[in-house]
Amino acid sequence: MSVPLPSPEELRAARDGLVDDVVAPGLSVLFCGINPSLMSAVTGHHFARPGNRFWPVLRLSGFTPRQLAPAEQHLLLAHGLGITNVVARATARADEVDAAEFREGGRLLRAKVARLRPHWLAVVGITAYRTAFAEPKAVIGPQERTIGGTGIWVLPNPSGLNAHWSARSMAEEYGRLRAAALAEPGRREP
């Protein structure tokens, strides 16, 4: 069953809207997007824009047993997973967020992670991570920096606009994080 796409008026009205986090204390992995799309603000679901590969990549990497739809985002919690964003407000494009807003988003994100204490923070977007965390030379993969006991892993941005990464190559990188998360004492398969 296909979901009707929002009208141009609905999308315009969603500018600067917010999408609730899907979080709980002690998650295995807290995925962190750049900021919500207008589609996400309209639907209230993370990574809702058609063409975004987040949900297929979660399945391909083994984080979820089947491909979830954005409307099923609440099911992530049962797998020890959650979603938040560096910047909370919705925009049509990520390049509408300036460096100062990313830095402030990084400050707020660090406080959120310190409060929720996930095992891993997975930032899905290298440029957003570099700016928000003042790490201009960071590369995809695990980072040396931590937030308390939370490790940080930078993943490729699943946007359909990120042509440098195929869904398969993204799934391999997400799978490396999954293997690291499963290697922790007390962790089990989703």
Side-chain angles (χ1 to χ4, degrees), residues 15-23 27-41 45-61 63 70 73 76 81-113 116 118-147 150-178 180-181:
R15 183 171 297 283
D16 298 327
L18 304 175
V19 178
D20 290 339
D21 289 342
V22 177
V23 297
L27 294 170
S28 179
V29 179
L30 176 59
F31 290 97
C32 180
I34 297 169
N35 76 306
S37 68
L38 298 180
M39 179 72 76
S40 287
H45 305 129
H46 293 272
F47 301 103
R49 187 175 178 165
N52 190 294
R53 299 169 291 176
F54 179 77
W55 300 103
V57 166
L58 277 191
R59 168 62 188 116
L60 288 169
S61 63
F63 271 113
Q73 66 186 15
L76 289 175
L81 308 173
I83 306 176
T84 190
N85 287 288
V86 176
V87 172
R89 74 179 182 94
T91 61
R93 295 181 324 275
D95 65 4
E96 294 176 38
V97 178
D98 66 24
E101 195 171 7
F102 273 123
R103 286 190 297 273
E104 175 62 9
R107 186 188 69 75
L108 296 171
L109 177 61
R110 287 188 292 277
K112 185 181 299 184
V113 168
L116 295 172
H119 293 271
W120 288 98
L121 171 66
V123 180
V124 296
I126 187 69
T127 302
Y129 175 78
R130 287 174 177 163
T131 305
F133 286 81
E135 296 278 353
K137 296 184 190 274
V139 296
I140 297 290
Q143 305 301 302
E144 288 185 28
R145 172 186 291 234
T146 62
I147 301 170
T150 298
I152 301 173
W153 200 294
V154 178
L155 294 168
N157 182 343
S159 167
L161 300 174
N162 184 3
H164 299 294
W165 290 80
S166 68
R168 182 67 55 196
S169 63
M170 271 191 267
E172 289 172 9
E173 188 61 36
Y174 282 57
R176 288 182 56 219
L177 168 59
R178 180 175 174 271

Exercise. Under the 3.5 angstrom rule, does the side chain of Ser40 hit a backbone N or O of Ala48 as a donor-acceptor pair?
Worked result: yes
Exercise. What are the two closest non-hydrogen atoms of Leu109 and Cys32, and how far apart are they?
Worked result: CD2-SG, 3.6 Å
Exercise. How long is the gap from CG on Asn157 to CD1 on Ile34, to the nearest 0.5 Å?
Worked result: 4.0 Å
Problem set entry | Separation of Thr84 OG1 from Lys112 NZ (nearest 0.5 Å) | 3.0 Å
For this session: With sequence neighbours left out, write down each residue that passes ring-ring contact (aromatic ring centres under 6.0 Å, His included) with Tyr174, or none if nothing qualifies.
Result: none
Exercise. What closest approach, in Å, do Ile126 and Ala138 show between heavy atoms, and which atom pair accounts for it?
Worked result: CD1-O, 3.5 Å
Exercise. Are the side chain of His45 and the backbone N or O of Val19 linked by a donor-acceptor pair below 3.5 Å?
Worked result: no
Problem set entry | Side-chain donor or acceptor of Arg145 paired with backbone N/O of Phe133 under 3.5 Å | yes
For this session: Using modelled atom types only, decide if a donor and an acceptor are shared between the side chain of Thr150 and the backbone of His119 within a distance under 3.5 Å.
Result: no
Problem set entry | Trp165 vs Ile140, side-chain contact (heavy atoms from CB on, under 4.5 Å): CA-CA, chis, key distance, verdict | CA-CA 12 Å; Trp165 290 80; Ile140 297 290; 4.1 Å; yes
Exercise. What is the distance from atom CG of Asp21 to atom CG of Leu30, rounded to the nearest 0.5 Å?
Worked result: 7.5 Å
For this session: Please round to the nearest 0.5 Å and tell me the distance separating atom CG of Asn85 and atom CG of Leu18.
Result: 10.0 Å
Exercise. Has the side chain of Gln73 got a donor or acceptor atom that lies under 3.5 Å from a matching backbone atom of His46?
Worked result: yes
Exercise. Which heavy atom in Phe47 sits nearest to a heavy atom in Pro70, and how many Å separate them?
Worked result: O-CG, 3.8 Å
Exercise. Is the CG atom of Asp20 crowded by more than 12 outside heavy atoms at less than 6.0 Å?
Worked result: no
Seminar exercise, completed: When every non-hydrogen atom of Val124 is compared with those of Pro156, the smallest separation belongs to CB-O, 4.0 Å
Exercise. Quick one: does Ser61's side chain have a donor or acceptor within less than 3.5 Å of a partner on Val57's backbone?
Worked result: yes
Donor-acceptor pairs under 3.5 angstrom involving side-chain atoms of residues 86-96: please list them, not counting sequence neighbours.
| unit_1 | atom_1 | unit_2 | atom_2 | d |
| --- | --- | --- | --- | --- |
| Arg89 | NE | Glu101 | OE1 | 3.2 |
| Arg89 | NE | Glu101 | OE2 | 2.6 |
| Arg89 | NH1 | Asp16 | OD1 | 2.7 |
| Arg89 | NH2 | Glu96 | O | 3.2 |
| Arg89 | NH2 | Glu101 | OE1 | 3.1 |
| Thr91 | OG1 | Asn35 | ND2 | 2.8 |
| Thr91 | OG1 | Arg93 | O | 2.8 |
| Arg93 | NE | Asp95 | OD1 | 3.0 |
| Arg93 | NH2 | Asp95 | OD1 | 3.4 |
| Glu96 | OE1 | Arg15 | NH1 | 2.5 |
| Glu96 | OE2 | Ala92 | N | 3.4 |
| Glu96 | OE2 | Arg93 | N | 3.1 |

Exercise. Any idea how Phe54 and Phe31 line up, ring-wise: parallel (<30°), tilted (30 to 60°), or perpendicular (>60°)?
Worked result: perpendicular
Problem set entry | Heavy-atom check, side chain of Leu177 versus side chain of Phe63, under 4.5 Å | yes
Exercise. Got a second to check how far Gln143's CD is from Trp120's CH2, nearest 0.5 Å?
Worked result: 9.5 Å
Exercise. Could you state the interatomic distance from CD1 (Ile152) to OH (Tyr129), rounded to the nearest 0.5 Å?
Worked result: 4.5 Å
Problem set entry | pair Arg49-Ser159: side-chain heavy atoms closer than 4.5 Å | no
Problem set entry | Shortest non-hydrogen contact from Val23 toward Leu116 | CB-CD1, 3.7 Å
Exercise. Is there a donor-acceptor contact under 3.5 Å from the side chain of Arg53 to the main chain of Met170?
Worked result: no
